[in-house]
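Note sheet for the following structure.
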Number of protein chains: 2
Amino acid sequence: MIKSFEKPILTVDVAYLSIHNAQLEILTIRRQNEPFKGQLALPGGYVHCDQDTDLRDTARRVIAEKTQLEPDYIEQVETVASNTRDPRGWTATVLFMALVSQSKRDNEESLGSGCQWHKLDSIQSNELCFDHAVLLEKVKERLIAKSRYTSIPLFLLPNKFSLSEAQQFFEITTLSGLEKKSFRRRLLDAEIVEDTGELSKTGRRKASLYQIKPGVGVHFFPRMIG
Amino acid sequence: MIKSFEKPILTVDVAYLSIHNAQLEILTIRRQNEPFKGQLALPGGYVHCDQDTDLRDTARRVIAEKTQLEPDYIEQVETVASNTRDPRGWTATVLFMALVSQSKRDNEESLGSGCQWHKLDSIQSNELCFDHAVLLEKVKERLIAKSRYTSIPLFLLPNKFSLSEAQQFFEITTLSGLEKKSFRRRLLDAEIVEDTGELSKTGRRKASLYQIKPGVGVHFFPRMIG
DNA sequence: AATAGATAGTGGCACAATGCCACTTATAAG
DNA sequence: CTTATAAGTGGCATTGTGCCACTATCTATT
């Protein structure tokens, strides 16, 4: 028996993160409609009861409408709701964090129109519509926190990467400088990456290229880093 | 401009956990109405757009309708949604984990009618309505995981507790046996509890009673335990 | 009063993962 | 051939935990 309460609006927003030129970037779209027309937004949309079987479905569909990019990692961060965050009324949004590998990120061809990557540092809070600046802050916090004790920054790397690149990516996501030897031991001892036998093409001394071991998911390190 | 999609139902469910007689217990209510009449449910309810300013508000209100118990710790776990979890249609529920200190837990007087504590181990999946067994499983996983590297089990303890009691509670929430000396060092070095100067009243040798330092929240240990 | 039993609490060393830092190795550029 | 730069290693210090025996304090029993 459904009571006649006014139902809130339920949406899904996805923060797509990637690293480009040694900087975190986020995928945004520019709003075509009021409110906040012309401002930046995280890709997102309404839950469609008739199409989506669950929230991950919604996330996938909403993403597919904007871009063909398949994230390499996706995680539900938090559900944010209030009667003030959207002028249209009481809304709740389920926030996802999606990580895109550099290999896919550099494949600009698959990026939908209206989508644009923005440097995370250069984005102004007031450029973002609704409370998306708050959502972005939550995603950043989650990424920083989990990068300290899990292997999720690996999902931002290109398919094949050197250990130095890996360290650089972890330094970006943890906002801290890391020690070379400690980092390498930590990563290699976890047995989540493997040497491909290939060497990097550029640079001084050629670095061995590694890849994530097939089938390996998120690894939890026994200690925090840094 | 709100499109005419059918809006999903949005609810909040709260898993109230406490420890009693060295066992994890959960607060349930017995459903008075169909569907699932007579079965057990986590306390929860619809988001009321006119009353609640955000989800924590909803959680508080829903809780207050059933019992006067104020949780000592509350955390949003996950939002679970699908078109199959509730026969009434497409629903989404924001799941919270709430920890109740033993001091409050033993204050049975404030427990609302219809509410009942159940040993977590003795609860059968098919006693629970909807997908509440799944929700409960998610909460258990979260509690176990976070108990390994944070101080949240402290919120289940009575206001004043011995280190042995603290260890026992951590052993319950982590599902593992812990080593006495290691545990004590870990807890005391974190500087999140303080000696009250009081001694326990029962037992052989009297234990020093500790309490959470005022104003101290969740502590993250540098390493996992156990 | 003496003793046994139980729980509280400590000392000290081993071990595991990381921090630190100097060192060697490989490659490109000049 | 030399030099600069980035890759990669050796080895010890530090930190937090595991382990285990030991001491301390209280109750119950005889």
Side-chain angles (χ1 to χ4, degrees), chain A residues 21-22 146-151 153 157-158 160-211 219-226, chain B residues 22 147-151 153 157-158 160-211 219-226:
Chain A
N21 289 333
K146 283 197 103 163
S147 295
R148 290 191 204 279
Y149 64 97
T150 77
S151 65
L157 283 160
K160 292 177 183 174
F161 52 87
S162 69
L163 294 184
S164 296
E165 285 178 299
Q167 179 177 340
Q168 187 194 22
F169 275 52
F170 273 82
E171 288 176 335
I172 291 169
T173 56
T174 60
L175 299 184
S176 63
L178 301 178
E179 207 282 327
K180 185 165 53 170
K181 186 68 187 299
S182 309
F183 175 79
R184 282 158 188 255
R185 258 184 324 219
R186 183 179 163 94
L187 192 56
L188 295 176
D189 289 355
E191 297 188 322
I192 52 181
V193 298
E194 61 187 9
D195 195 332
T196 63
E198 297 176 53
L199 296 179
S200 60
K201 303 250 194 286
T202 64
R204 302 292 178 170
R205 176 173 176 176
K206 311 301 188 198
S208 292
L209 293 180
Y210 290 76
Q211 62 188 6
H219 175 79
F220 286 74
F221 296 101
R223 280 174 61 173
M224 303 261 180
I225 201 171
Chain B
S147 294
R148 289 193 205 280
Y149 64 97
T150 78
S151 65
L157 283 159
K160 294 178 183 175
F161 52 87
S162 69
L163 295 183
S164 296
E165 285 178 298
Q167 179 177 341
Q168 186 194 22
F169 275 51
F170 273 82
E171 288 177 335
I172 291 168
T173 56
T174 60
L175 301 183
S176 64
L178 301 177
E179 207 281 327
K180 183 166 53 170
K181 187 65 188 299
S182 311
F183 175 78
R184 283 161 186 255
R185 258 186 322 218
R186 183 179 162 94
L187 193 56
L188 294 177
D189 289 355
E191 298 188 322
I192 51 180
V193 299
E194 61 187 10
D195 195 332
T196 63
E198 296 177 53
L199 296 178
S200 58
K201 303 246 194 290
T202 64
R204 302 293 177 169
R205 176 174 174 177
K206 311 302 188 199
S208 293
L209 293 181
Y210 289 76
Q211 64 189 6
H219 176 79
F220 286 75
F221 295 102
R223 282 174 61 173
M224 303 259 179
I225 201 172

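In what follows, every chain begins at residue 1, and chains take the letters A, B, ... in the order their sequences are listed. Computed over heavy atoms, backbone and side chain alike; hydrogens, waters and symmetry mates excluded.
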Would you mind writing out the side-chain donor-acceptor pairs for residues 167-174 of chain B within the sub-3.5 Å range, not counting sequence neighbours?
unit_1: B:Gln167; atom_1: NE2; unit_2: B:Glu171; atom_2: OE2; d: 3.2
unit_1: B:Gln167; atom_1: NE2; unit_2: B:Leu178; atom_2: O; d: 3.0
unit_1: B:Glu171; atom_1: OE2; unit_2: B:Leu178; atom_2: N; d: 2.9
unit_1: B:Thr173; atom_1: OG1; unit_2: B:Ser147; atom_2: OG; d: 3.2
unit_1: B:Thr173; atom_1: OG1; unit_2: B:Phe169; atom_2: O; d: 3.2
unit_1: B:Thr173; atom_1: OG1; unit_2: B:Phe170; atom_2: O; d: 3.3
unit_1: B:Thr174; atom_1: OG1; unit_2: B:Phe170; atom_2: O; d: 2.7
unit_1: B:Thr174; atom_1: OG1; unit_2: B:Ser176; atom_2: OG; d: 3.0

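- In this structure B:Arg148 satisfies the side-chain hydrogen bond (donor to acceptor under 3.5 Å, both in side chains) test with no other residue, sequence neighbours excluded.
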Please list each protein N or O that sits under 3.5 Å from an N or O in nucleotides 13-15 of chain D, with the distance.
none

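- Considering only side-chain N and O atoms, A:Ser208 lies under 4.0 angstrom from the phosphate OP1 or OP2 of D:dG8.
- With sequence neighbours excluded, no residue forms a side-chain hydrogen bond (donor to acceptor under 3.5 Å, both in side chains) with B:Ser200.
- In this structure, the OH atom of A:Tyr210 is 12 Å from the P atom of D:dA7, given to the nearest Å.
- End-to-end axis angle of the helix from C:dA1-D:dT30 to C:dG30-D:dC1, from C1' rotation axes over five pairs per end: 10° (rounded to 10 degrees).
- Taking atom CD of A:Gln167 as the reference point, atom C1' of C:dG19 lies 13 Å away to the nearest angstrom.
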*Contact letters for nucleotides 20-30 of chain D, in which S counts primed atoms plus P, OP1 and OP2 and B counts the base, heavy atoms under 4.0 Å*: B---BBBBS--

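- B:Asp195 places its CG atom 15 Å from the C1' atom of C:dT10, with the value rounded to the nearest Å.
- In this model, no side-chain donor or acceptor of B:Arg186 finds a partner on the base of D:dG18 within 3.5 Å.
- Separating the CZ atom of B:Phe183 from the C1' atom of D:dC19 is a distance of 17 Å, rounded to the nearest angstrom.
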